[in-house]
Amino acid sequence: MNFLGHAHLSLAGSDNFLFGNLIADGVRGSDLSGWSPEIEAGIRFHRRCDAVIDAHPETRWLLTQVPPASRRVAGIAFDMMWDHLLAGEMHDDDIERLYRLLAREEVPSRLTSLIEWIQVRDALRRYQELEFTLSTIASIGERMTARRRIRQTSDPRQQSDSRRQSDTRSGRRTHKVGDLEAGANPLADMTPWLADNRAMLEDSFARLWPDMLALRQTPVI
């Protein structure tokens, strides 16, 4: 899930617990002793929610429906679409609370540019707009493409890997993570499918979301 999904599941907690949920993607490793107990609990709750939704039968079924070339990155697109579907349920006071917490100084440095982008574009509100959400998904793919291009240009081993064909299954070429061509943007390629199948995604999320809400039985900090 993305920001709004995790926020929905943790709004009842303290500001520190909610903050931990919001920044968890920028925190690496299992040693969270540098954070306060409430923030640590939020980070761990975020990770638990991610593990549950990634393994959920509905998520696994959806992965069989997406275009094969985009399947490797489909989870990112799903996260953004869930925020799109949830955005209309957010109260303005809750959105302002999220922005206030994301402006805190202790946000992990690897999230700084992303959070600035969200704030400048008022993304947490604009995720209600399908076109904005699809554009954001394509932009994420473009940033991934740019990073991959830099790696492959600077590392001869990456250049060799990018030219290596992966196994062929049922006559269809598949790719490992490092095997995508430098200019490939499977997230942008996936956006027409997302637009065409929004109703199916909404129905699927309606089956998935109650199981995520059940996780809120976790003690709230």
Side-chain angles (χ1 to χ4, degrees), residues 1-6 25-26 50 53-88 110-111 113-115 117-118 120-124 126-155 157-209:
M1 294 182 296
N2 203 45
F3 283 102
L4 295 185
H6 285 289
D25 284 335
D50 277 352
I53 201 168
D54 288 346
H56 197 282
E58 201 66 35
T59 304
R60 293 183 178 275
W61 176 79
L62 279 174
L63 286 173
T64 69
Q65 305 302 303
V66 303
S70 298
R71 199 163 289 165
R72 180 181 64 84
V73 295
I76 298 171
F78 292 160
D79 286 349
M80 299 299 300
M81 290 299 293
W82 305 155
D83 269 15
H84 164 65
L85 296 174
L86 289 169
R110 58 172 54 91
L111 290 183
S113 61
L114 171 60
I115 290 172
W117 182 92
I118 288 173
V120 168
R121 289 163 179 79
D122 195 14
L124 299 185
R126 293 196 64 195
Y127 283 148
Q128 295 184 59
E129 306 166 19
L130 179 59
E131 288 305 317
F132 178 82
T133 304
L134 295 177
S135 176
T136 300
I137 291 170
S139 295
I140 292 171
E142 181 56 36
R143 290 195 295 273
M144 292 169 60
T145 298
R147 289 195 296 269
R148 187 166 60 244
R149 187 182 299 116
I150 291 171
R151 288 197 304 269
Q152 293 181 359
T153 300
S154 60
D155 188 345
R157 292 172 298 179
Q158 290 283 345
Q159 295 178 32
S160 177
D161 288 344
S162 69
R163 292 189 294 266
R164 189 179 303 143
Q165 290 189 350
S166 60
D167 295 337
T168 300
R169 298 177 181 176
S170 302
R172 179 179 295 159
R173 187 183 179 195
T174 59
H175 295 277
K176 296 180 180 179
V177 171
D179 289 332
L180 288 173
E181 295 181 0
N185 186 347
L187 275 173
D189 294 342
M190 188 180 176
T191 56
W193 182 90
L194 294 169
D196 291 343
N197 291 278
R198 185 193 180 283
M200 182 189 74
L201 291 166
E202 185 173 7
D203 289 343
S204 186
F205 186 64
R207 294 188 291 270
L208 180 158
W209 188 236

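Source: prediction; values computed, not measured.
Taking both residues in full, the closest heavy atoms of Asn185 and Gly141 are given as OD1-CA, 3.2 Å, listed atom of the first, atom of the second, then distance. Heavy atoms only, all atoms of each residue included: Ser70 and Pro186 are closest at OG-O, 2.8 Å.
Two residues are said to be in side-chain contact when any heavy atoms from C-beta on lie closer than 4.5 Å; Leu130 and Leu134 meet this criterion. For the pair Glu129/Thr133, no side-chain contact is recorded, criterion being any heavy-atom separation below 4.5 Å from C-beta on. Looking at Tyr127 and Leu86, their side chains never come closer than 4.5 Å, going by heavy atoms from C-beta outward. Counting heavy atoms from C-beta on, the side chains of Leu187 and Ile76 come closer than 4.5 Å. At least one side-chain heavy atom of Trp82 sits under 4.5 Å from a side-chain heavy atom of Leu85.
A distance of 7.5 Å separates CZ of Arg143 from OG of Ser113, quoted to the nearest 0.5 Å. To the nearest 0.5 Å, atoms CG (Leu201) and CE (Met81) are separated by 5.0 Å. Distance check, rounded to the nearest 0.5 Å: CZ of Arg121 to OG of Ser139 gives 8.0 Å. To the nearest 0.5 Å, the span separating CD on Glu131 from CZ on Arg126 amounts to 10.5 Å.
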Trace of the side-chain contact (heavy atoms from CB on, under 4.5 Å) decision for Ile137 with Phe132: CA-CA 9 Å; Ile137 291 170; Phe132 178 82; over 6 Å; no
Mind running side-chain contact (heavy atoms from CB on, under 4.5 Å) on Met80 and Leu194 for me, showing each step along the way? CA-CA 11 Å; Met80 299 299 300; Leu194 294 169; over 6 Å; no
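The side chain to side chain donor-acceptor pair (under 3.5 Å) check on Arg198 picks up His84, Glu202, with sequence neighbours excluded. Here Asp54 pairs with nothing under the salt bridge (Lys or Arg N to Asp or Glu O under 4.0 Å) rule; sequence neighbours left out. Qualifying salt bridge (Lys or Arg N to Asp or Glu O under 4.0 Å) partners for Arg110, counting only residues two or more places apart in sequence or in other chains: none. With sequence neighbours left out, the ring pair (Phe, Tyr, Trp, His ring centres under 6.0 Å) criterion links His6 to His46. Legend: residues meeting ring pair (Phe, Tyr, Trp, His ring centres under 6.0 Å) with Phe3, ordered by chain and number and at least two apart, are absent.
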Tabulate below the donor-acceptor pairs under 3.5 Å that side-chain atoms of residues 59-67 make, not counting sequence neighbours, or state none.
{"from": "Thr59", "atom 1": "OG1", "to": "Ile53", "atom 2": "O", "distance (Å)": "2.7"}
{"from": "Arg60", "atom 1": "NE", "to": "Ala55", "atom 2": "O", "distance (Å)": "3.4"}
{"from": "Thr64", "atom 1": "OG1", "to": "Trp61", "atom 2": "O", "distance (Å)": "2.5"}

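Donor-acceptor pairing under 3.5 Å is lacking for the side chains of Asp79 and Asn2.
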